[in-house]
*Asks:* 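What follows is a structure written as structure tokens; I'll ask about it next.
The analysis underlying the following values was restricted to heavy atoms, covering all of them including side chains, and did not include hydrogens, waters or symmetry mates.
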2 protein chains.
Amino acid sequence: MEETWSYTSAECEKLKPERHALAREIVTQMAETWTLWTMAVLAEAGGPVRFSRVKERVEGVSQKSLTKTLRQLERDGLVTRALFPEVPPRVEYTITPLGIAMLEQVHPLWLWTVRNVEAFEKARRKYDERR
Amino acid sequence: MEETWSYTSAECEKLKPERHALAREIVTQMAETWTLWTMAVLAEAGGPVRFSRVKERVEGVSQKSLTKTLRQLERDGLVTRALFPEVPPRVEYTITPLGIAMLEQVHPLWLWTVRNVEAFEKARRKYDERR
DNA sequence: CGGGATCCTACCGGATACTG
DNA sequence: CAGTATCCGGTAGGATCCCG
């Protein structure tokens with residue numbers, strides 16, 4: 001089986017438009033500001049983490065954005081949310097196997113990008129010089 | 001060398017904040033609406049493609065968004081832009097080796113997502129049912 | 001403590017009109 | 001043909017207030 005971008009194109013075209021749209025949505029969300037970072041925090045913890053702890057570790061995120069991010073991840077089965085009806089309330093988030101698998105797919109892309117960051121810096125410098 | 005998400009975290013933290021931000025920007029842009037599709041079109045062509053041809057093949061893209069997308073890709077060294085000062089003007093875009101390499105990194109993520117799209121559909125159905 | 005509701009600002013992307 | 005310039009609605013995301 002040939003594993004190239006053209007193969008991806010072919011694989012995508014076999015999908016019904018509806019599913020293709022969903023796949024695109026999933027990938028797009030992974031690149032949203034806080035999504036990857038949040039998942040990484042949950043993966044690193046290796047178990048349930050309270051909302052406050054997540055917010056502490058995902059530095060700079062607002063409560064609103066973190067809530068939205070976690071809702072999306074829960075909706076897509078990438079994390080689970082457990083509510084303990086105590087006083088004060090406790091909510092724990094846990095990454096799922098699907099979430100871990102997703103992270104593992106994103107990993108090589110990140111690693112490659114980080115390792116080639118100098119190439120991008122250089123490209124941008126050249127581009128700016130030409131203006 | 002262990003190739004896990006935690007390794008990625010470690011690799012990222014070795015970077016200067018400035019470079020880390022650049023890497024994040026690059027990855028984020030790959031997930032923007034038209035970026036991947038545009039690169040795929042250029043990769044598929046295997047050579048220079050005129051602006052109009054790209055616009056035809058990236059179905060639904062506006063001229064403004066395509067221009068912006070191509071500018072970003074050019075800036076990051078992922079495509080080249082060649083202007084031929086004719087009347088009417090001709091502009092050809094070509095994917096670079098760096099662009100091809102980038103596509104190859106994104107490929108497994110896409111493939112995995114497409115192959116697991118049913119898991120995501122199922123998760124969303126369950127989530128909606130619980131409301 | 002974990003959010004929901006509200007307000008506000010910035011930016012994104014489409015539609016349209018114009019130009020070298 | 002390949003843009004640039006302008007307007008404009010929708011959305012992302014922070015700040016703040018409130019509630020169970």
*Asks:* Output yes when at least one side-chain N/O atom of R71(A) is less than 4.0 Å from OP1 or OP2 of dG4(C), else no.
*Replies:*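 R71(A) to dG4(C) OP1/OP2: side-chain N or O found under 4.0 Å.
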
*Asks:* Give a yes or no on this: more than 12 heavy atoms of other residues, nucleotides or ligands lie within 6.0 Å of atom CZ of R57(A).
*Replies:* no

*Asks:* Does atom CD of E59(A) have more than 12 heavy-atom neighbours, drawn from other residues, nucleotides or ligands, at distances under 6.0 Å?
*Replies:* no

*Asks:* Can a side chain N or O of R90(B) be found less than 4.0 Å away from OP1 or OP2 on dA2(D)?
*Replies:* no

*Asks:* Report which part of the nucleic acid F84(A) touches: base, sugar-phosphate, or nothing (heavy-atom distance under 4.0 Å, all strands).
*Replies:*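 Here F84(A) touches no strand at all.
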
*Asks:* Within the 4.0 Å heavy-atom criterion, would you say R81(A) contacts the bases, only the backbone, or no part of the nucleic acid?
*Replies:* sugar-phosphate

*Asks:* dC1(D), OP1 or OP2 - any side-chain N/O from Y93(B) closer than 4.0 Å?
*Replies:* no

*Asks:* Of the listed nucleotides (dG14(C), dG3(C), dG13(D)), which one gets closest to any side-chain atom of V91(A)?
*Replies:*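 Of dG14(C), dG3(C), dG13(D), dG3(C) is nearest to the side chain of V91(A).
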
*Asks:* Looking across every strand, which nucleic acid part, if any, lies under 4.0 Å from R53(A) by heavy atom: base, sugar-phosphate, or nothing?
*Replies:* nothing

*Asks:* Look up atom CZ in F120(B) and atom CG in L98(A), then write down how far apart they are to the nearest 0.5 Å.
*Replies:* 4.5 Å

*Asks:* Of the nucleotides dG20(C), dG14(C), dG4(C), which has the atom closest to the P89(B) side chain?
*Replies:*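 When the side chain of P89(B) is considered, dG20(C) is the closest of dG20(C), dG14(C), dG4(C).
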
*Asks:* Given dA15(D), is OP1 or OP2 found less than 4.0 Å from the side-chain N or O atoms of K64(A)?
*Replies:* no

*Asks:* Can you tell which of dG3(D), dG3(C), dT6(C) lies closest to the side chain of T67(B)?
*Replies:*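 Closest nucleotide to the T67(B) side chain: dG3(D).
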
*Asks:* Need one value for E32(A): base, sugar-phosphate or nothing, where a base atom within 4.0 Å counts as base even if backbone is also close, heavy atoms only.
*Replies:*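 No contact at all - E32(A) keeps every heavy atom at 4.0 Å or more from the nucleic acid.
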
